[in-house]
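What follows is a short report on a single structure.
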Amino acid sequence: MTFEEGMKELDEIIQKLEGGKVGLAEGTKLFERGNKLVEDLYNEFTESKGKIFVIKENIEKFIDKK
Amino acid sequence: MISDRAISVTQISMYIKNIFDSEELLENIDVFGEVSDFNISRGIAYFSLKDENALLPCVAFDGSSLLSVKNGDMVIATGTPKYYVKGGRLSFNIKRLTPYGIGNLFEQFLRLKQTLDNEGLFDEAHKKKIDIKKIKRIGVVSSESGAVIQDIINIVSRRNPNVDIVLFPVKVQGVNAELDICNGINFFSNYDGVDVIVVARGGGSLEDLQPFNTEIVARAVYSSNKPVVSAVGHETDFTIIDFVADLRAPTPSAAAELLTENIMEQRYSLDDKLKRLVKSMTQLIDNQNLKLNYSINKIAMIADSFINEINYVITLKQTKLNKLNPEEIMKLGYAKVNRGDEIIVSAKTTKVGDNLELTFIDGKVNVVRR
């Protein structure tokens, strides 16, 4: 799941909950799913995945950011 | 140990200075070249005269007469080279500058720009669209040392820490720098590892930026399979690569910003969604509680009326029961009749002389039947 897909699904869940037409059981399920999505999406910010490479002799080599 | 042959720095410097001072051939000579790195400080003009292979540092003590001089001007400079002992520097002391038409490099620039423009290398239709949402890796063609690559790394990491940077280190000025730069562009063009190419260099003189004004670099950019962003010099510097590139960034830092989404904005959006999620769920629970409270009240009301009804029936029955209480009857003047333990309910069961006991509401009386 990409970040954008996650945000989209989260939006849909919130809209359903805000619509007020779901019962407690379904609402709880939606909330749990939404909560999991939020958690995963926050990880996108906290885990910095970007790396720095340099091309040496036409081969990509990992280097430290500093 | 100081060798016997060693002389001091002052001695050698004075010796060099004397060579220049005594060389009559160097006095008041005319030198033809291109002005670069021109600046005036406290009325003194400092600049260099250049041609393709050499550079001559110059100074003009009467800088006020040179206010109209610009970098790139072709001039004939009249003066005398002097060796300055204190700074260990040779400087061409200028008495007079005579303009010699427009600078060669600038002329070349204009000519090449026109040629490439006519050929269609700058056509908007050829430019590739850049979708920054899809950029996961940025290929950078730039110098490995210096502030430029560090600025790009810092800005990209801050705005979107998930984007990779791949650097192809090149010379960004000097002899054959343009070949290096072409190698970098061509490498990334056929390299699946990057989504976009940034060709970056910090600010500099027209000479410094010359590699980015070459035809070979322009053509490498034009034929690249990946979108190319030019990020050369300062905002005011325009180079040929800027016209060919799919996107021109005013500076290397600006390129880093243009190519990365600021995910901190997304972060705020996510914060907002989390708030809405919790609020909508709380609302849902509140609504359910409201419904539950309504049901509880209804049940309580039904139970209340049921209990009231039962109480009424009980009271009614108690009243009836009370009326049957013997004491209540005795209050009306009736008495209970006993013969020993036997309760007498009929006159026929008594005989004359029977000892009978009469029980009233307030006491007992023994009597004999006559």
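Residue numbering restarts at 1 for every chain, and letters A, B, ... go by the order of the sequence lines. What you see below is based on every heavy atom in this structure, not just the backbone, and it leaves out hydrogens, waters and symmetry mates.
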_For the CG atom of Leu274(B) and the CD atom of Glu39(A), what is their distance to the nearest 0.5 Å?_
10.5 Å
*Answer yes or no: are there more than 12 heavy-atom neighbours, outside Lys61(A) itself, under 6.0 Å from its atom NZ?*
yes
_Any side-chain to backbone donor/acceptor pair from Asn162(B) onto Gly50(A)? Under 3.5 Å, distance only._
no
*More than 12 foreign heavy atoms under 6.0 Å from NZ of Lys16(A): is that the case here?*
no
*Rounded distance [0.5 Å steps], CZ in Phe31(A) versus CD1 in Ile285(B)*: 7.5 Å
*Quick one: what part of Thr28(A) sits under 4.5 Å from any heavy atom of chain B, side chain, backbone, both or neither?*
both
*Hey, could you give me the CD/OG distance between Gln15(A) and Ser280(B), rounded to the nearest 0.5 Å?*
10.5 Å
*Output the option from Asp271(B), Ile149(B), Asn287(B) having the highest count of non-hydrogen pairs under 4.5 Å with chain A.*
Asp271(B)
*Under 4.5 Å between any side-chain heavy atoms of Phe53(A) and Ile165(B), yes or no?*
no
_Using 0.5 Å steps for rounding, measure from the NZ atom of Lys134(B) to the CD atom of Glu4(A)._
10.5 Å
*asked:* Is Gln288(B) close to chain A through its backbone or its side chain, or both, or neither, when contacts mean heavy atoms under 4.5 Å?
replied: side chain
*Look up atom CG in Asp11(A) and atom OG in Ser269(B), then write down how far apart they are to the nearest 0.5 Å.*
7.0 Å
*So what's closer than 4.5 Å to chain B heavy atoms on Lys56(A): side chain, backbone, both or neither?*
side chain
*So how far is it from Ile52(A) CD1 to Gln150(B) CD, rounded to the nearest 0.5 Å?*
8.5 Å
*Which atom pair, heavy atoms only, marks the closest approach of Met281(B) to Gly27(A)?*
SD-O, 3.6 Å
*So what's closer than 4.5 Å to chain A heavy atoms on Val166(B): side chain, backbone, both or neither?*
both
_Portion of Ile13(A) that has a non-hydrogen atom of chain B nearer than 4.5 angstrom_ = side chain
*Between Arg267(B) and Tyr42(A), is NZ or CZ placed under 6.0 angstrom from the six-membered ring centre and within 45° of the ring axis?*
no
*Looking only at heavy atoms, what is the nearest atom pair of Ile55(A) and Pro169(B), with distance?*
O-CD, 3.3 Å
*Within a radius of less than 6.0 Å around CG of Asp192(B), do more than 12 heavy atoms belonging to other residues, nucleotides or ligands occur?*
no
*Just give me the residue among Lys279(B), Lys133(B), Gln266(B) that pairs up with chain A most often, heavy atom to heavy atom, under 4.5 Å.*
Gln266(B)
*Of all the heavy-atom pairs spanning Gly23(A) and Leu284(B), show the shortest one and how long it is.*
O-CD2, 3.8 Å
_Minimum heavy-atom separation for Val38(A) and Leu277(B), please, with both atom names._
CG2-CD2, 4.3 Å
*Kindly check if the number of other-residue, nucleotide or ligand heavy atoms within 6.0 Å of CE (Met1(A)) is above 12?*
yes
*Any side-chain heavy atom of Leu270(B) sitting closer than 4.5 Å to one from Leu10(A)?*
yes
*Between Phe168(B) and chain A, which part of the residue has a heavy atom less than 4.5 Å away: side chain, backbone, both or neither?*
both
*Would the number of heavy atoms belonging to other residues, nucleotides or ligands and lying under 6.0 Å from NZ of Lys128(B) be above 12?*
yes
